Amino acid sequence: MPEIYSKYPMVKYLRKEALPTALCPGCGGGTVLNAFANAVDQLKLDPRDLVVVSGIGCSAWIASPYFLADTLHTTHGRAIVFATGVKVGLPDKKVVVISGDGDLASIGGNHLLHAARRNIDITVILVNNFIYGMTGGQVAPTTPFGAKTTTTPYRNIEHPFQISETIAAAGASYVARWTTAHVYQLIESIKKALTVKGFSLVEVISQCPVQFGRRNRMKEPAEMLRWFLKNSVPLAKARKMKPEELEGKFVIGEFVNRQRPEFIEELNKLINEVQEQFGLKEV
Amino acid sequence: MIIRGDEPEQIRLLRKLYKPGNYFMQGNEAVAYGALFAGCRFYAGYPITPSSEIAETMARELPKLGGYYLQMEDEIGSIAAMIGASWTGFKVMTATAGPGFSLMQENLGYAVMTETPLVLVDVQRSGPSTGQATKGAQGDFFQARWGTHGDHPIVAVSPTSGQDAFWEIIRAFNIAERLRTPVVFLFDGVLAHTRELIKIPDVDEVEITYRKLPQNEEEAKLPFGDPHGDGVPPMPLFGHGYFTHVTGSTHKENGLRDVYTPEVHDRLVRRIHRKIEKNREVYEKYEEHFTDDAEILVVSWGVTARPALGAVLKAREAGIKAGLFVPKTVHPFPGERMRELGKRVRAILVPEMNLGQMILEVQRYVNDDVLLKGVNKIGGVPLTVEEILREIRGVA
Ligand SMILES: Cc1ncc(C[n+]2csc(CCOP(=O)(O)OP(=O)(O)O)c2C)c(N)n1
Ligand code: SF4
C-alpha cells in the first residue's frame with residue numbers, strides 16, 4: 001500500500017483493493033469523495049448502514065466501487081430507481097446515489113424528477129462537471145451556452161439545465177448547490193442531506209479539467225476552481241439579480257430545506273391501515 | 001428471516017385471505033395470486049394492456065400481506081426498482097407487454113450479469129410497435145431470448161391456461177431463486193383476459209424455494225464465486241455488513257470490476273451460461289399427449305397449445321395418429337426430447353400466433369426428411385381447433 005493511503009485518515013472508508021482510483025489527477029471527483037467520506041465520518045455513520053448506488057460515468061465511480069459500503073453500480077441513468085427498490089427493502093439504511101449530471105439529469109432526468117416528487121428518503125449527490133467525461137467530452141445538458149465540446153466544436157447553442165432549481169420545484173425535501181471550491185459548505189450540506197427525512201439533492205459543480213477545462217481555456221484544475229469562485233453567487237444575492245445578470249453564474253446555497261410526507265413512511269403507513277382494515281394484524 | 005415472504009406470519013395471512021377452492025377469474029388474476037403464493041412481496045410496474053390487471057391485483061392484495069406495490073414512472077424504472085429490491089431480499093415481479101418489455105431489455109441483461117433473481121411477466125400482444133394493443137399474440141418468443149445485448153442465457157416459462165399460469169408463475173419464481181437468475185414469463189393477451197375456473201390450493205400444497213444465502217464470511221466475500229460447484233453463487237444481501245459490490249460491468253468473483261482481463265470476462269460469462277446449462281432439471285418441463293405412437297407431431301406453446309390439443313384429440317377420433325408436444329419452459333428449448341420425437345414422426349406441425357418463431361427452434365432438432373410446417377395466424381384472433389385439424393388432415 002503506497003504511503004499516501006496510510007497518511008490519509010479517511011482511507012478507512014475506502015475499498016483498498018480498488019485503489020488507486022481511475023479518476024484523472026485534479027478531477028473534482030476526488031473532492032466529492034473526500035467530502036462524502038468526511039460527512040459520513042463527522043456524522044459517525046457506520047458504513048454498514050449505507051448503501052451507495054451509482055449509474056455510469058466517471059462520477060459514478062466516485063463511490064462505487066471506491067467507498068467501502070454495499071455498493072450498486074447500475075445502468076446509465078438508472079441509479080435513482082435502483083435505489084428506490086433498495087430503500088423499500090432497507091428503510092432503516094441510508095441510501096445514497098452519487099453520479100454525474102449526464103447520468104442523473106439527462107438519460108435519468110425523469111427518474112430524478114419523480115423521486116423528488118415522490119419525496120423518497122434518498123440522498124443524491126449529483127456531480128455537475130458540464131460534460132460527458134467518460135465518453136470523451138461530448139456536450140451535456142449542463143454545458144454552458146457557448147462552450148466548446150467534442151460534439152459542439154463550434155459552440156454550444158443549447159441552454160444548460162438548472163438542476164437544483166428544477167428539483168426544488170419538483171418537491172424535494174432538501175436541495176443545495178456548491179462547487180468543489182466550497183468544500184466545507186459542501187460537507188455541511190451532505191451531512192444535512194443525509195439527515196433530512198425525504199428526498200435530498202446536493203449538486204456539486206465540479207471540475208473536469210481533462211474533457212471540459214482543456215477545451216475551454218482552463219487546462220489546469222486550479223484555473224477551474226478560480227472560475228468557480230469568481231462566478232459563484234450566493235442564493236440570497238441571486239434572488240435580487242436579473243436573469244441577464246445571472247447568465248453564466250453559479251448560484252450556490254440551500255434552495256430548500258423543508259418537511260414533507262416521505263414516500264416509504266407513507267407506504268408503510270398505508271400497509272398498516274390496510275392490514276387493520278381487513279383485520280389482518282396479529283392479535 | 002431474510003427472504004421476505006416465508007415468515008410463518010405470511011402463511012397465516014395467505015391462509016386467512018385466500019380460502020382454497022374454485023374461483024372464476026382472469027388469467028392475469030391467476031398470475032397475480034400465483035405470485036403471492038410464491039412469496040412475491042415487491043411489485044414495481046407501469047400499466048400497459050393487456051397486462052394491467054396483474055398490477056391492479058397486486059396493488060390491491062400486496063398491502064394486505066405487508067408487501068409493496070410501486071407504480072413507477074416507466075418500465076425502465078420498474079425493472080430497476082425490482083433489481084434494487086431483490087438485493088435486499090425480496091422476491092420481486094413486474095408485468096408488462098411488448099413495448100414495455102422492449103424498454104426493460106437493458107436491465108434484463110443487467111439482472112443476468114449480476115445474477116439477480118426476478119420474474120418478468122410479458123403478456124404478449126400483437127406487434128410490431130403499438131400494433132393491436134388490446135389483442136393477444138405470441139410474437140415475443142425471440143424478444144425473450146435475444147432482446148438484450150451480449151452473450152447471455154435466459155430461462156422463459158410459458159403457461160397454456162389460467163390454471164396453468166397459477167402454477168407456472170410459482171415455478172418461475174422457484175427457478176429464479178434456485179438459479180439466481182431473471183426468469184421471463186411469456187403469457188399472452190388471450191389467456192390474460194379469458195375468465196375461467198381457477199382452483200386456489202391450500203398453502204401447504206405449494207412448494208416454494210428460496211435463494212441460497214452465504215453460509216459464512218468467506219462465501220459472502222465472493223458474491224460471484226462458485227463455492228458449491230453448481231455455478232450458482234450464494235447471494236449476500238445488502239444491509240448485512242458484507243460490503244458487497246454489484247456491477248453490470250465484467251467483475252471478478254469478489255464483485256470488483258475488471259474489464260481488461262479477457263480471462264475474467266470469459267470465466268464470468270461462461271459460468272453464467274454453465275449454471276443454466278448444467279441445471280436443466282431445475283427448469284426443463286414439457287407436456288406430451290399421444291406421442292408414443294404418433295406419426296404426425298404437433299409442437300405448440302402457450303395459448304395455442306389448447307386448440308392444438310383439441311385438434312389432436314379430433315384427429316385421433318378420426319383415426320389419424322397425431323401427437324402433441326408442448327414445451328412449458330420454452331428457453332432453453334427442450335432440444336434433446338425434441339430430437340428424440342423428431343426421429344419417430346413423419347411430419348411436424350407448429351401452430352403459433354405469429355409468423356413462425358418457435359418453429360425455428362424445432363427446426364434445429366429435426367432432420368430434413370421430416371415434413372416441417374408452420375400453422376400461423378396473426379391479427380389478434382387465436383387459432384381454432386378446426387384450423388389446426390385442417391392442417392393435420394392435410395399432411396395425414
Ligand atoms: C444507455 C447508455 N447510453 C450511453 C452510454 C455511454 N455513456 C457512458 S458514461 C456516459 C456519460 C456520463 O456522463 P456524466 O454522467 O456526466 O458523467 P461524467 O463521466 O461526466 O462524470 C455515457 C453517455 C451508456 N453507458 N449507456
Ligand atoms: S475525464 Fe473528467 S470527470 Fe472523468 S475522471 Fe477525468 S477529469 Fe474526472
Side-chain angles (χ1 to χ4, degrees), chain A residues 15 17-18 22 46-54 56 61 64-65 67-93 95 107-108 110-111 113-115 117-118 120 263-264 267-268 270-275 277-280 282, chain B residues 4 8-9 12-13 16-17 41-42 44 60-74 76-90 92 106-107 109-111 113-114 116 118 236-249 251-252 254-257:
Chain A
R15 222 187 276 280
E17 63 275 29
D46 185 336
R48 275 177 281 253
D49 293 331
L50 282 171
V51 181
V52 190
V53 186
S54 71
I56 298 287
W61 286 11
S64 96
F67 200 85
L68 188 60
D70 285 330
T71 42
L72 185 60
H73 183 223
T74 72
T75 42
H76 190 32
R78 313 303 165 199
I80 289 177
V81 266
F82 275 83
T84 300
V86 172
K87 185 69 188 180
V88 172
L90 298 171
D92 300 331
K93 305 281 173 189
V95 179
I107 186 166
N110 199 37
H111 303 309
L113 282 173
H114 286 281
R117 171 184 67 80
R118 236 171 236 136
I120 182 166
F263 178 69
I264 307 281
L267 196 53
N268 282 315
L270 178 97
I271 289 171
N272 261 314
E273 280 167 24
V274 172
Q275 289 196 318
Q277 183 189 333
F278 286 87
L280 297 165
E282 191 98 64
Chain B
R4 312 295 178 85
E9 165 70 1
R12 181 186 74 85
L13 287 177
K16 182 157 185 190
L17 283 165
R41 294 295 175 272
F42 183 96
R60 192 183 62 231
E61 300 302 319
L62 271 172
K64 298 181 190 167
L65 290 155
Y68 297 88
Y69 171 87
L70 267 67
Q71 187 152 316
M72 299 300 292
E73 50 272 24
D74 56 28
I76 302 173
S78 305
I79 183 166
M82 283 164 84
I83 296 173
S86 186
W87 276 92
T88 71
F90 275 116
V92 299
E106 187 198 16
N107 279 334
Y110 182 93
M113 192 64 155
T114 55
T116 308
L118 61 85
L237 301 176
F238 285 173
H240 294 267
Y242 296 134
F243 298 144
T244 304
H245 180 56
V246 179
T247 174
S249 298
H251 42 273
K252 295 176 285 196
N254 64 6
L256 285 185
R257 69 197 286 283

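Source: prediction; values computed, not measured.
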Can you tell me which portion of A/Leu280 sits under 4.5 Å from chain B's heavy atoms? Options are side chain, backbone, both or neither. both
Which one, A/Pro65, A/Ala18, A/Ala79, A/Gly279, leads in non-hydrogen pairs under 4.5 Å with chain B? A/Pro65
What pair of heavy atoms forms the shortest contact from B/Gly67 to A/Ile271, and how long is it? O-CD1, 3.2 Å
Would you mind checking which part of B/Ser249 comes under 4.5 Å of any heavy atom in chain A, side chain (CB onward), backbone (N, CA, C, O), both or neither? side chain
Chain B heavy atoms under 4.5 Å from A/Phe263: which part of the residue, side chain, backbone, both or neither? side chain
Which atoms of B/Phe238 come close to chain A, meaning under 4.5 Å heavy atom to heavy atom: side chain ones, backbone ones, both, or neither? both
Checking B/Ile79 against chain A: side chain, backbone, both or neither under 4.5 Å from a heavy atom? neither
Taking the six-membered ring for Trp, are B/His245 and A/His73 parallel (under 30°), tilted (30 to 60°) or perpendicular (over 60°)? parallel
Among the options A/Val51, A/Thr84, A/Leu72, pick out the one with the most heavy-atom pairs lying under 4.5 Å from chain B. A/Leu72
Determine whether A/Asn268 and B/Tyr68 satisfy the following criterion, side-chain contact (heavy atoms from CB on, under 4.5 Å), listing intermediate values before the conclusion. CA-CA 9 Å; A/Asn268 282 315; B/Tyr68 297 88; 2.6 Å; yes
Minimum heavy-atom distance A/Val81-B/Ala80, with the two atoms named: CG2-CB, 3.7 Å
Taking every non-hydrogen atom, the tightest pair across B/Tyr69 and A/Leu267: O-CD1, 4.2 Å
Got a sec: does the CZ of A/Arg117 have more than 12 other heavy atoms crowding it under 6.0 Å? yes
Nearest 0.5 Å please: distance from the NE2 atom of B/His240 over to the CG atom of A/Leu90. 7.0 Å
Would you give the length of the straight line joining atom CG of B/Leu62 to atom CG of A/Leu270, rounded to the nearest 0.5 angstrom? 11.5 Å
B/Ile83 side, atom CD1; A/Thr75 side, atom OG1 - distance, nearest 0.5 Å: 7.0 Å
Under 4.5 Å from any heavy atom of chain A - which part of B/Leu17: side chain
For B/Ile76 and A/His111, the nearest pair of non-hydrogen atoms, with its separation, is CG2-NE2, 4.3 Å
How long is the gap from CZ on A/Arg118 to CD on B/Gln71, to the nearest 0.5 Å? 9.0 Å
Give, as side chain, backbone, both or neither, the part of A/Val274 having an atom under 4.5 angstrom from any heavy atom of chain B. side chain
Would you compute the distance between atom OG1 of B/Thr88 and atom NZ of A/Lys87 and round it to the nearest 0.5 angstrom? 11.5 Å
